[in-house]
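Notes for the one structure printed next.
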Amino acid sequence: MEYDIPLIIEGYRKGLFLMADDDDDEDGLSSLGWYSSTARTLIPLDERFRYPKSLKRVLNQNRFSPAINRDFAGVVEGCADRQSTWISRELKQIYLALHRAGWAHSFETWQNDTLAGGILGIAIGGIFIGESMFFRIPDGSKVAMVKLVEHLRDRNFLLFDAQMMNPHLARFGAYDIGNDEYQHLLHKALHQPCSFI
């Protein structure tokens, strides 16, 4: 199936995000829709970013190697592999199409030749929109989060949009802002010339 990539990116540029219900029909299709939120969760890219001391020990042990787009399809599958998921079969195909077009990326951690964890997201200008994350080896996704923040800082990104808050993100200093403030920061970030890779 062909997807209108510019139209999809325009949706993200407006501050919307795609989600599907978790009930694929017999053809593997589900109801896809654009969503927004009155509060938006951001991962700080400044001194507000934090992580547990136990994770510092893991990082110092260099148990994981970071990589970008080494196994994009594997990260998409890992993010969708849960009992209840909003990443439908069709949405997987959309992410793969966005990846082929250079918009969607996976930031991964590896333990030797095993994919330990990863974060799936879309980079537009100076914003990285985190769609989902997963791990197969404990601490794999946490290390990916720390290394991704370092990568975004190095690349002069302005925003790391995590969309919706959860306890896991709160441990990294994630915070919510209102939609008006988000739209202001989004406009600024979209005009920041950044390259994810």
Hey, does [Y] have a side-chain heavy atom less than 4.5 Å from the side chain of [X]?
{"X": "F134", "Y": "V76", "value": "no"}
{"X": "P167", "Y": "L169", "value": "no"}
{"X": "I124", "Y": "R13", "value": "yes"}
{"X": "F64", "Y": "L59", "value": "no"}
{"X": "Y175", "Y": "I43", "value": "no"}
{"X": "F17", "Y": "M164", "value": "yes"}
{"X": "R136", "Y": "L115", "value": "yes"}
{"X": "S132", "Y": "W86", "value": "yes"}

[X] versus [Y], closest heavy-atom pair with distance:
{"X": "N179", "Y": "S37", "answer": "OD1-O, 3.8 Å"}
{"X": "M165", "Y": "A174", "answer": "CE-O, 3.3 Å"}
{"X": "P193", "Y": "H191", "answer": "CD-O, 3.4 Å"}
{"X": "A123", "Y": "H105", "answer": "CB-CD2, 4.0 Å"}
{"X": "A20", "Y": "L32", "answer": "CB-CD2, 3.6 Å"}
{"X": "Y12", "Y": "L186", "answer": "O-CD2, 4.4 Å"}

Working to the nearest 0.5 angstrom, can you tell me the gap between [X] [atom1] and [Y] [atom2]?
{"X": "I5", "Y": "E10", "atom1": "CD1", "atom2": "CD", "result": "13.5 Å"}
{"X": "I119", "Y": "E131", "atom1": "CD1", "atom2": "CD", "result": "12.0 Å"}
{"X": "D71", "Y": "D113", "atom1": "CG", "atom2": "CG", "result": "11.5 Å"}

Let me check something: do [X] and [Y] share a hydrophobic cluster, defined by ILVMFWY side-chain heavy atoms less than 4.5 Å apart, either directly or through other members?
{"X": "W110", "Y": "V58", "result": "no"}
{"X": "I68", "Y": "Y95", "result": "no"}
{"X": "V143", "Y": "M145", "result": "yes"}
{"X": "Y182", "Y": "L18", "result": "yes"}
{"X": "I8", "Y": "L190", "result": "yes"}

Check whether [X] reaches the backbone of [Y] with its side chain - one donor and one acceptor, N or O, closer than 3.5 Å.
{"X": "D139", "Y": "K142", "value": "no"}
{"X": "T109", "Y": "A144", "value": "no"}
{"X": "D46", "Y": "R48", "value": "yes"}
{"X": "H184", "Y": "D180", "value": "no"}

message: Run V75 and E108 through side-chain contact (heavy atoms from CB on, under 4.5 Å) and show every step you take.
response: CA-CA 8 Å; V75 171; E108 308 152 5; 3.6 Å; yes
- prompt: Residues in ring pair (Phe, Tyr, Trp, His ring centres under 6.0 Å) with F72, at least two apart?
  reply: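 F72: ring pair (Phe, Tyr, Trp, His ring centres under 6.0 Å) contacts with H99.
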- prompt: Would one find more than 12 heavy atoms of other residues, nucleotides or ligands at under 6.0 Å from atom CG of N60?
  reply: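 Enclosed: over 12 neighbouring heavy atoms sit under 6.0 Å from CG of N60.
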task: Could you give me the CA-CA distance, side-chain angles and deciding distance for E77 and K92, then say whether side-chain contact (heavy atoms from CB on, under 4.5 Å) is met?
output: CA-CA 8 Å; E77 288 297 332; K92 288 180 196 177; 3.1 Å; yes
- request: May I ask you to check whether S88 and E90 show a side-chain donor-acceptor distance below 3.5 Å?
  value: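 Short answer, no.
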message: Is it the case that the side chains of T41 and D176 hold a donor-acceptor pair, with the cut-off being a distance below 3.5 Å and no angle test?
response: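 Looking only at side-chain atoms, T41 and D176 do form a donor-acceptor pair, the distance falling under 3.5 Å.
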Working for side-chain contact (heavy atoms from CB on, under 4.5 Å), residues L185 and L158: CA-CA 8 Å; L185 293 173; L158 296 182; over 6 Å; no
Salt-bridge criterion met for D161 and R40 (N-O under 4.0 Å):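 A salt bridge links D161 with R40.
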- prompt: Just one of I127, L45, L148 clears the side chain to side chain contact (heavy atoms under 4.5 Å, CB included) bar with F157, so which one?
  reply: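 That would be L45.
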- prompt: Knowing that exactly one of F160, W103, F128 qualifies, which makes a ring pair (Phe, Tyr, Trp, His ring centres under 6.0 Å) with F196?
  reply: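 Exactly one candidate clears the test, F128.
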Aromatic ring pairing H168/F172, orientation class (parallel under 30°, perpendicular over 60°, tilted between):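 H168 and F172: perpendicular rings.
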- prompt: Going by the side chain to side chain donor-acceptor pair (under 3.5 Å) test, which pairs reach into residues 147-158, not counting sequence neighbours?
  reply: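 Found none.
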